[in-house]
Peer 1: 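Quick one: the structure is below, questions incoming.
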Amino acid sequence: MKMQILKYVAILLLIIGSLSCESQEKKVEKDNLALFKYEHEGVTQFDTQEEKDAHSERIGWWRDAKLGLFLHWGIYSVPEGSWNGKKTMGNGEWVMNSLKIPVKEYEKFASQFNPKDFDAEAWVKLAKKSGAGYIAITAKHHDGFAMYHSKVSKYNVVDATPFQRDPMKELAEACRKYDVKLCFYYSQDIDWHHPGGYGNNWDYTEEDFKANVDKYYREKCIPQIKELCTNYGDIGAFWFDTPRSIAKHWSTKIYDVIRELQPNCIMNSRLGNDTGDYLIAGERGFPSWKVPGVDWEHCQTINRSWGYNANLEDEKHWLPKDMLLRNLACMTSYGGNYLLNIGPDKNGNFPEKALNVFSEFESWMDVNRESIYKASETPFPQGQPWGAVTSKEGKIFLHVFEWPKNNTLVLSGLKNKVTSVKIKKGDLKLNFVQNKNKKTPQLTITLPTTAPNKINTMIELEIDGNAEVSSYAIQNSVTGQLSIDGHLFNGEDGKLQAAAYFNQEGTYKIEVHSLQNFWGGSDSWTGGNQEGTLTINEKSIDLKFKADSIYKKRWFSYSPIVKSEFGEINIKKQGLKTVFIDGIDLYRGVNMGPKYHRKGLKLHYLRFIKID
Ligand code: FHN
């Protein structure tokens with residue numbers, strides 16, 4: 001009898017224990033759903049549903065396109081980065097400013113601009129074949145020279161050059177023919193030619209600027225934007241830039257003028273003063289994870305200059321094509337667009353190295369376009385160690401950049417039934433196994449021994465229904481590793497928490513991987529010298545940050561990654577745990593909008609590696 005009672009008590013205790021474990025796990029999962037709060041700003045806030053719907057409607061094509069071709073082309077391609085025995089190793093389109101070329105001298109480049117090889121159709125076809133849905137070209141850059149036939153000022157490509165043709169008109173026709181959206185870059189704030197334009201302090205004084213700024217907007221900027229809106233058919237977007245001095249009422253005025261003349265045209269946030277339809281997410285660094293709730297674009301140039309600069313011929317100034325192609329998958333995976341730039345030369349040709357990049361895009365897009373065009377961001381709460389994920393209704397696309405060592409690829413957290421797995425190139429069906437565990441769903445795919453595409457092998461999964469995924473990080477049962485991405489940590493700086501599922505008991509090594517800086521930024525590691533604690537299951541470990549090693553993972557970001565090691569921890573029981581980090585400031589910005597800051601640890605991920 002006594003034994004019987006003891007047995008019932010034991011069963012009851014077990015039930016209570018498992019129930020409290022269950023509710024504890026539910027709580028952890030719920031806490032984790034409170035999404036990471038991003039600091040982003042810079043776009044127009046649409047208040048009414050009607051405004052929001054109108055915005056969605058006009059930006060739909062851009063959301064679908066994912067890839068755009070950016071072109072910086074102007075009379076700065078004549079000096080090719082050098083003037084009067086001096087040269088710039090920076091932006092070719094900035095040559096006037098970098099070498100302080102007086103207006104009267106710079107104007108002379110116009111009389112030498114005669115791009116005999118310019119062929120609008122060839123440019124548009126190149127964009128189309130590479131998979132770009134739009135072209136954004138400099139109608140007027142900071143030098144103030146109009147690359148179209150403007151009646152506002154004779155300082156334009158038809159009236160001031162021997163070329164006498166309007167390349168924007170020819171591009172507009174070719175874009176219509178090949179169904180590519182034409183977008184105009186227009187430097188609304190910086191104009192080194194006009195005394196009221198911002199930025200020329202070698203020809204003009206501060207007083208000149210102040211006395212002429214309104215005149216500049218009234219007599220040049222706004223009338224030119226009106227011309228671009230009326231003479232070239234439907235414009236996909238206006239791409240504004242560097243809003244350094246523009247007053248709010250001028251940003252608003254430009255927005256309104258365009259909205260009236262081109263109701264379907266969208267505008268980027270660099271119009272300034274929190275005005276625009278979509279955000280520009282940096283150009284020397286981009287978000288390393290999803291940025292929800294906002295339309296954003298990352299622009300990047302293939303070498304160290306946007307406009308043509310012959311001083312940058314050396315290979316070391318060019319970004320590798322594998323990085324660029326992988327970036328496209330990353331941008332789509334993080335929910336943004338990718339605007340990839342090249343600077344055609346003074347004859348209207350694309351540099352050879354750029355053509356090589358675009359032919360790589362062309363052959364990859366030929367096979368894998370479906371995983372980019374009209375695709376959505378990754379449904380998973382965090383990144384994958386081998387690459388990136390994009391999705392569509394009933395489909396998940398795995399972009400494998402780094403071929404897993406044992407030819408086994410693990411995808412954790414997918415709850416849907418998978419019905420087929422194939423490498424898109426050659427339609428190669430792959431064997432796979434899905435475990436039945438609801439809390440730690442895991443798909444294990446057997447891969448061929450070598451990657452069919454060394455840059456990005458795209459694997460297509462067909463699934464039942466729309467993707468449903470776990471909201472927390474899950475330990476990879478094959479590698480024994482559990483990584484928690486920085487953005488999974490919620491809470492205030494100094495008091496952060498994230499949820500993670502340990503599916504194996506044992507001893508784990510702890511590592512933190514953080515970004516060192518941005519490409520072109522300072523070399524100082526903003527995470528250094530921070531001190532805090534890491535707590536799991538009431539067991540705490542001191543976090544005293546130092547750089548134990550630094551490595552580069554080029555496809556992931558521009559920044560080197562710093563690895564910091566923090567000893568070991570024993571996990572006695574498998575299950576969903578809350579991981580707390582106290583005392584550490586995290587970098588919260590994603591290089592978006594003026595409020596982003598560079599303080600704080602740029603946490604890539606916290607990793608537990610099972611050693612015992
Ligand atoms: O100053 C410009 C630069 O020349 C180029 O046009 C880039 C493209 O994003 N925008 C400015 C720098 O941010």
Side-chain angles (χ1 to χ4, degrees), residues 42 62 67-81 88-101 106 109 132 134-147 183-194 197-202 221 237-246 251 266-272 276 278-287 296-309 311-312 317 319 324 327 331 336-344 354 518-521 558 589-594 596 598:
W62 178 93
L67 176 67
L69 173 64
F70 207 4
L71 296 171
H72 277 66
W73 196 46
I75 56 171
Y76 38 80
S77 62
V78 171
E80 305 179 319
T88 168
M89 295 301 285
N91 287 331
E93 75 286 2
W94 271 72
V95 66
M96 181 176 179
N97 179 302
S98 307
L99 305 182
K100 301 293 173 242
I101 308 177
Y106 189 87
F109 296 135
Y134 56 108
I135 290 179
I137 182 161
T138 44
K140 185 200 86 168
H141 202 264
H142 305 336
D143 63 358
F145 185 78
M147 284 295 286
C183 310
F184 287 136
Y185 171 110
Y186 189 92
S187 176
Q188 82 285 13
D189 188 354
I190 296 183
D191 188 310
W192 301 317
H193 193 255
H194 196 288
Y198 181 79
N200 183 342
N201 57 8
W202 57 100
C221 176
F238 263 86
W239 212 99
F240 294 106
D241 208 1
T242 49
R244 296 197 183 163
S245 73
I246 186 169
S251 298
I266 52 172
M267 289 161 251
N268 72 347
S269 61
R270 289 197 184 166
L271 177 50
Y278 65 96
L279 207 62
I280 302 302
E283 49 192 51
R284 300 277 190 243
F286 52 80
W296 61 270
E297 176 180 75
H298 170 64
C299 61
Q300 181 171 48
T301 184
I302 298 184
N303 67 6
R304 285 201 165 256
S305 174
W306 302 88
Y308 187 78
N309 184 345
N311 303 319
L312 301 174
H317 300 297
L319 293 175
L324 300 165
N327 280 352
M331 290 315 113
N337 273 23
Y338 190 35
L339 184 61
L340 189 57
N341 176 79
I342 56 172
F518 288 111
W519 189 61
Y558 298 95
V590 277
N591 196 7
M592 295 169 111
Y596 83 87
R598 293 185 177 202

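As the structure lists them, so they are numbered: ligands from 1, and atoms in each ligand from 1.
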Peer 1: Name the orientation class of the two ring planes belonging to Trp306 and Phe70 (parallel below 30°, tilted from 30 to 60°, perpendicular beyond 60°).
Peer 2: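 Ring orientation of Trp306 relative to Phe70: perpendicular.
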Peer 1: List of N/O pairs, ligand 1 versus protein, all under 3.5 Å?
Peer 2:
| from | atom 1 | to | atom 2 | distance (Å) |
| --- | --- | --- | --- | --- |
| ligand 1 | 1 (O) | Trp94 | NE1 | 2.8 |
| ligand 1 | 1 (O) | His142 | NE2 | 2.7 |
| ligand 1 | 4 (O) | Glu93 | OE2 | 2.5 |
| ligand 1 | 4 (O) | Trp94 | NE1 | 3.0 |
| ligand 1 | 4 (O) | His141 | NE2 | 3.2 |
| ligand 1 | 6 (O) | His72 | NE2 | 2.6 |
| ligand 1 | 6 (O) | His141 | NE2 | 2.8 |
| ligand 1 | 6 (O) | Tyr185 | OH | 3.4 |
| ligand 1 | 6 (O) | Asp241 | OD2 | 3.2 |
| ligand 1 | 9 (O) | Arg270 | NH1 | 3.2 |
| ligand 1 | 9 (O) | Glu283 | OE1 | 2.6 |
| ligand 1 | 10 (N) | Asp241 | OD1 | 3.3 |
| ligand 1 | 10 (N) | Asp241 | OD2 | 2.5 |
| ligand 1 | 13 (O) | Glu283 | OE1 | 3.3 |
| ligand 1 | 13 (O) | Glu283 | OE2 | 2.9 |

Peer 1: Is the His142 ring parallel, tilted or perpendicular to the Trp192 ring (thresholds 30°, 60°)?
Peer 2: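 Aromatic pair His142/Trp192 classed perpendicular.
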Peer 1: Evaluate the ring planes of Tyr134 and Trp62, with Trp represented by its six-membered ring, and classify them as parallel (under 30°), tilted (30 to 60°) or perpendicular (over 60°).
Peer 2: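 Rings of Tyr134 and Trp62: tilted, as their planes differ by 30° to 60°.
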Peer 1: Do Tyr76 and Asp143 have a side chain donor and acceptor closer than 3.5 Å?
Peer 2: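 Tyr76 vs Asp143: no donor-acceptor pair found between side chains.
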Peer 1: Quick one about Asp189 and Ser245 (side-chain donor to acceptor, distance below 3.5 Å, no hydrogens or angles considered), yes or no?
Peer 2: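 On atom types as modelled, these side chains qualify, holding a pair under 3.5 Å.
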Peer 1: Would you call the rings of Phe240 and Phe238 parallel, tilted or perpendicular, taking 30° and 60° as the class edges?
Peer 2: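 Judged by the thresholds at 30° and 60°, the geometry between Phe240 and Phe238 is parallel.
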